[in-house]
Structure formats: C-alpha cells, structure tokens
2 protein chains.
Amino acid sequence: MKNAVFKALSDPTRRKILDLLKERDLTAGNISSHFNMTRPSISQHLKILKHAELVHDMKKGQFVVYSLNTTVFQEFISWAMHFIGKKPSGNMSSP
Amino acid sequence: MKNAVFKALSDPTRRKILDLLKERDLTAGNISSHFNMTRPSISQHLKILKHAELVHDMKKGQFVVYSLNTTVFQEFISWAMHFIGKKPSGNMSSP
DNA sequence: TCGTTATTTAGCTATTTAACTAAATAATAA
DNA sequence: TTATTATTTAGTTAAATAGCTAAATAACGA
C-alpha cells in the first residue's frame with residue numbers, strides 16, 4: 001500500500017468526497033457545491049485523491065467528471081485484513 | 001470511523017509499529033529498537049496509536065507492553081467495503 | 001536509600017498541510 | 001471574436017505534524 005493512499009484518506013473532506021462519489025459520478029463543480037469551501041481547495045483535494053488513485057477523472061467538454069476507483073479500496077481491505085489474521089480473498093469459503 | 005484512526009494510520013512509522021505488533025506483543029523500548037529514531041518520538045507515536053484505539057498497553061513492572069487491538073481494524077474493513085459495494089460480514093457465503 | 005533502567009512529558013523547531021485569493025487555461029455560447 | 005463558465009495552477013499564510021533534547025516519573029536492584 002502506497003503512503004499516498006493513507007495520506008489521502010486522512011482528511012475528512014476527502015473522505016466525504018469519496019462518500020459522494022460512492023453514490024454517483026460527479027463533476028468537480030458539483031462536488032464543490034457540497035462543501036463550504038472554495039473551488040480551488042476542492043480541486044486540490046481531488047488532485048490528491050487522483051494521485052492516490054482513489055478516483056478517476058474524465059474530461060467531458062468543459063467539465064471534469066470524477067468517479068470512484070474501487071481497485072485501491074480492494075488493496076486497502078487486503079492490507080487491513082492482515083492485521084486480523086484474515087485471508088483477503090473475494091469469495092471466502094474457509095475461515 | 002473516527003478521524004483519529006485515519007490520522008494514526010497516515011504515518012509510515014506508525015504503520016510499521018502495527019506491523020511489528022502483528023507478530024507479537026512488544027515493550028515500548030523493544031519497539032524503539034526497530035527504528036532509527038529517539039525513544040520519545042516513538043513514545044509519541046504509541047500515544048497516537050493508543051488514542052486511535054489501534055493498540056492496547058499494559059504496564060508490566062517497569063515496562064509497558066503494547067499489543068494490537070483488532071477491533072478497530074474490523075470497523076475499518078467495514079468502512080472500506082462500503083466503497084466496493086460489499087457486505088462487511090465475517091462469514092461471507094454469497095458474493 | 002541510591003543509582004540505574006524504562007518510559008513519558010514538556011518545550012522547541014523544521015516541515016507539511018489545508019485553506020485562501022488571484023490569475024491562468026480550456027471549452028462553450030453569443 | 002468576445003464574454004461566460006468550469007476548472008486548475010500559483011503563491012501566500014496559519015495550523016498541524018513529526019522530529020529532537022532535556023527533564024520528569026516510575027519501578028527495579030544493590
């Protein structure tokens with residue numbers, strides 16, 4: 001697990017952004033509107049989430065649509081499972 | 001999930017401490033010896049991990065023995081599983 | 001008791017972080 | 001082309017963080 005992922009998740013605003021993206025893909029501006037914070041600030045947070053590969057971005061005309069990248073979450077769960085002595089398999093059938 | 005947990009996990013030294021405690025319980029001094037860092041610095045890290053309830057500590061004479069607290073890791077895994085649309089159950093039998 | 005060992009607390013400093021404003025870039029619409 | 005909208009980049013600042021040294025606390029052994 002990259003340090004960038006843990007750093008990205010350590011901020012409440014960024015975790016709330018991930019919560020929003022869990023429901024549906026959103027443009028940068030749309031994400032901003034959910035916060036009492038300037039657009040440049042949110043843009044910075046999105047940059048950090050992108051660098052950690054927790055989100056994807058796609059240019060759609062003059063908009064940038066952000067979406068969740070679940071791949072890193074998978075790795076993340078595997079990492080955490082080591083600590084409770086669990087196999088991080090997707091289809092667990094044995095303890 | 002408490003912010004303190006994410007903050008605690010965002011530092012590489014603290015994650016390495018958790019890695020060490022995953023193998024066996026250790027005293028504060030023993031933990032320190034694994035790092036190229038002063039004992040007070042490690043003590044501070046342990047305090048942060050304790051506050052996040054990621055570790056337990058127990059006084060044993062003049063030593064303090066630290067051990068992993070897996071409870072928070074469980075919650076942590078549940079949190080992460082929301083993002084990949086998985087039920088955080090312990091005994092998964094269905095996808 | 002006195003000295004040693006284990007650990008933490010207090011106080012200091014350099015670095016990182018998260019916010020802001022102003023300006024730049026890019027695409028659309030008139 | 002010019003104005004407007006969407007988003008990012010640059011530069012600044014206050015607060016948080018992680019490291020250090022020195023000192024305090026606590027338990028042990030001679």
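Bear in mind that the values here come from a model prediction, so they are computed numbers and not experimental data. Note on naming: letters A, B, ... go to the chains in the order of the sequence lines (proteins, then strands), and numbering restarts at 1 for each one.
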Per B:Ala28 side chain, nearest of listed nucleotides C:dA6, C:dT8, D:dT9 = C:dT8
At a cut-off of 3.5 Å, list every protein nitrogen or oxygen paired with a nitrogen or oxygen from nucleotides 24-26 of chain C, distance to 0.1 Å.
none

key: Spacing between A:Asn36 atom CG and C:dA19 atom P, to the nearest angstrom   = 11 Å
task = Round to a whole Å and report the spacing from NZ of A:Lys16 to C1' of C:dA18.
result = 16 Å
inquiry  = From NE2 of A:His51 over to P of D:dT8, roughly how many Å is that when rounded to an integer?
reply    = 16 Å
ask   = Any chance CZ of A:Arg39 has more than 12 other-residue heavy atoms, nucleotides or ligands included, within less than 6.0 Å?
value = no
Euclidean distance, atom NZ of residue B:Lys50 to atom P of C:dT7 [Å, nearest integer] = 12 Å
remark   = Of B:Tyr66 and A:Ile48, the one whose closest nucleotide on DNA chain C sits nearer the 5' end is B:Tyr66
task = Quick one: pull up CG in B:Asp19 and CZ in A:Phe83 and give me the separation to the nearest 0.5 Å.
result = 4.5 Å
task = Could you state the atom-to-atom distance from CG of A:Leu46 to P of D:dT9 in whole Å?
result = 11 Å
message = Counting only side-chain heavy atoms from C-beta out, which of C:dT7, C:dT9, C:dA18 sits nearest to B:Lys47?
response = C:dT9
request  = May I have the distance from B:Ile31 (atom CD1) to C:dT8 (atom C1'), rounded to whole angstrom?
outcome  = 14 Å
ask   = Between OH of A:Tyr66 and CG of A:Leu46, what distance do you get to the nearest 0.5 Å?
value = 4.5 Å
query = Quick one: on DNA chain C, does B:Ser41 or A:Lys60 contact a more 5' nucleotide (nearest heavy atom)?
reply = B:Ser41
inquiry  = As an exercise, state the distance from CG of B:Leu54 to OG1 of B:Thr71, rounded to the nearest 0.5 Å.
reply    = 10.0 Å
remark   = Between A:Arg39 and A:Lys7, the residue closer to the 5' end of DNA chain D by nearest nucleotide is A:Arg39
query = So which nucleotide from D:dA18, D:dA6, D:dT9 ends up closest to the side chain of A:Phe63?
reply = D:dA6
request  = Check every strand shown and say whether A:Thr27 touches a base, only sugar-phosphate, or nothing at a heavy-atom separation below 4.0 Å.
outcome  = sugar-phosphate
Side chain of A:Thr38 - closest among C:dT17, C:dC20, D:dT21 = C:dC20
request  = May I ask you to evaluate whether B:His45 reaches the phosphate of D:dT17, defined as a side-chain N or O under 4.0 Å from OP1 or OP2?
outcome  = no
Nearest-Å distance for atom pair CZ/P, residues B:Phe35 and D:dG19 = 10 Å
task = Drop me the distance from A:Ile42's CD1 to A:Met37's CE, to the nearest 0.5 angstrom.
result = 5.0 Å
remark   = Rounded to whole Å, the CG-P distance (A:Asp57 to D:dT9) equals 10 Å
query = Say you draw a straight line from CZ of A:Phe73 to CE of B:Met81; how long is it, rounded to the nearest 0.5 Å?
reply = 13.0 Å
inquiry  = Test your reading of the model: is there a side-chain donor-acceptor pair from B:Thr27 to the backbone of B:Asn30, 3.5 Å cut-off?
reply    = yes
